[in-house]
Amino acid sequence: MAQKPKLYYFNGRGKMESVRWLLGAAGVEFDEEFLETKEQYNKLIEVGSLLFQQVPLVEIDGMKIVQTRAILNYIAAKYNLYGKDMKDRLFIDMYVEGTTDLMLAVIPLPFQQGDAKAKQIDLIKNRAVNRYFPVYEKVCKIFVLFMLYRCNLKL
């Protein structure tokens, strides 16, 4: 029996959350080690586990993989969640990159205060509602219609 993947990250969502979601979508159980001290983090660097001296880190199939996108691509391909051809993968990549762009606006929020934080929240809300959500809503509608068609169901 294969070992469960092991995730290394801080005790929070951040860049590891999409990895957790993808493993969940694949029905894969995993273990997590939360980095709660600088010593834990430094040990990973010292033993050469962190190629670029940053997390997330996932141990899977005897490998130590870093960089969120590389981790997601590997898991998606391994569990047949990365489309059937290059065109599928292209669209998956476009949606993933859009999500990444929005997430990059959210990541600094815990480190901002006062007016700067309020301004950033307004910017995020505006972009989410006017730029990103309409794209995802459209693709979700198409997916639902496709599934209804495949199941010979009507609205």
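Both backbone and side-chain heavy atoms feed into the values below; hydrogens, waters and symmetry mates do not.
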message = Could you see if Tyr79 belongs to whatever hydrophobic cluster contains Val19? Use Ile, Leu, Val, Met, Phe, Trp, Tyr and a side-chain cutoff under 4.5 Å.
response = yes

inquiry  = I'd like to know if Asp93 and Arg69 make a salt bridge, using a cut-off of under 4.0 Å between side-chain N and carboxylate O.
reply    = yes

Name the atoms and distances for all side-chain donor-acceptor pairs under 3.5 Å in residues 98-105, with sequence neighbours left out.
residue	atom	partner	partner atom	Å
Thr99	OG1	Tyr95	O	3.0
Thr99	OG1	Tyr136	OH	2.6
Thr100	OG1	Val96	O	2.9

request  = Run the numbers on Glu59 and Tyr8 for side chain to side chain donor-acceptor pair (under 3.5 Å), then give the verdict.
outcome  = CA-CA 8 Å; Glu59 287 184 7; Tyr8 296 83; 3.1 Å; yes

Carboxylate-amine/guanidinium proximity below 4.0 Å for Lys43 and Glu46 = no

Transitive ILVMFWY side-chain link Leu51 to Val47, under 4.5 Å = no

query = Considering all heavy atoms of both residues, which atom of Leu22 and which atom of Leu72 are nearest to each other, and what is their separation?
reply = CD2-O, 3.4 Å

ask   = Between atom CD1 of Ile60 and atom NZ of Lys78, what is the distance when rounded to the nearest 0.5 Å?
value = 5.5 Å

inquiry  = When you group the ILVMFWY residues by side-chain heavy-atom contacts below 4.5 Å and let the links chain together, are Tyr74 and Leu90 in the same group?
reply    = no

Solution key, residues 123-134 side-chain donor-acceptor pairs under 3.5 Å, sequence neighbours excluded:
residue	atom	partner	partner atom	Å
Asn126	OD1	Asn130	ND2	3.4
Asn130	ND2	Asn126	O	3.1

inquiry  = With rounding to the nearest 0.5 angstrom, report the OG to CD1 distance, Ser18 to Ile75.
reply    = 9.0 Å

inquiry  = A quick test of your reading: do over 12 heavy atoms of other residues, nucleotides or ligands sit less than 6.0 Å from CD of Gln54?
reply    = yes

Polar side-chain atom of Asp85 near backbone of Lys87 as donor-acceptor pair, under 3.5 Å = yes

message = Pair Met16, Val58 - check side chain to side chain contact (heavy atoms under 4.5 Å, CB included), show working.
response = CA-CA 9 Å; Met16 188 62 87; Val58 174; 4.2 Å; yes

ask   = If you group Ile, Leu, Val, Met, Phe, Trp and Tyr by side-chain heavy-atom gaps below 4.5 Å, do Met94 and Val139 land in one group?
value = yes

task = Indicate whether any N or O donor in one side chain lies under 3.5 Å from an N or O acceptor in the other, for Asp88 and Tyr82.
result = no

key: Atom pair CG/CG of Leu35 and Asn11 - distance to nearest 0.5 Å   = 10.0 Å

query = So, Glu137 and Lys141, do they make that salt bridge, N to O below 4.0 Å?
reply = yes

ask   = Side chains of Thr68 and Lys15: donor-acceptor distance under 3.5 Å anywhere?
value = no

key: Heavy-atom closest pair, residues Arg13 and Arg20   = O-NH1, 3.5 Å

Inter-residue atom distance Gln40.CD - Ile45.CD1, 0.5 Å rounding = 12.5 Å

query = Can a salt bridge be assigned to the pair Glu33 and Lys6 using a cut-off of 4.0 Å between side-chain N and carboxylate O?
reply = yes

ask   = Got a second to check how far Leu81's CG is from Ile92's CD1, nearest 0.5 Å?
value = 8.0 Å

task = Give a yes or no on this: more than 12 heavy atoms of other residues, nucleotides or ligands lie within 6.0 Å of atom CE of Met63.
result = yes

inquiry  = Can you give me the closest heavy-atom contact between Gln112 and Lys117, atom names plus distance?
reply    = O-CD, 3.3 Å

ask   = To the nearest 0.5 Å, what is the distance between CD (Glu36) and CZ (Phe10)?
value = 11.5 Å

task = Taking the side chain as every heavy atom from C-beta outward, state whether Pro5 and Asp31 have any pair of such atoms under 4.5 Å apart.
result = no

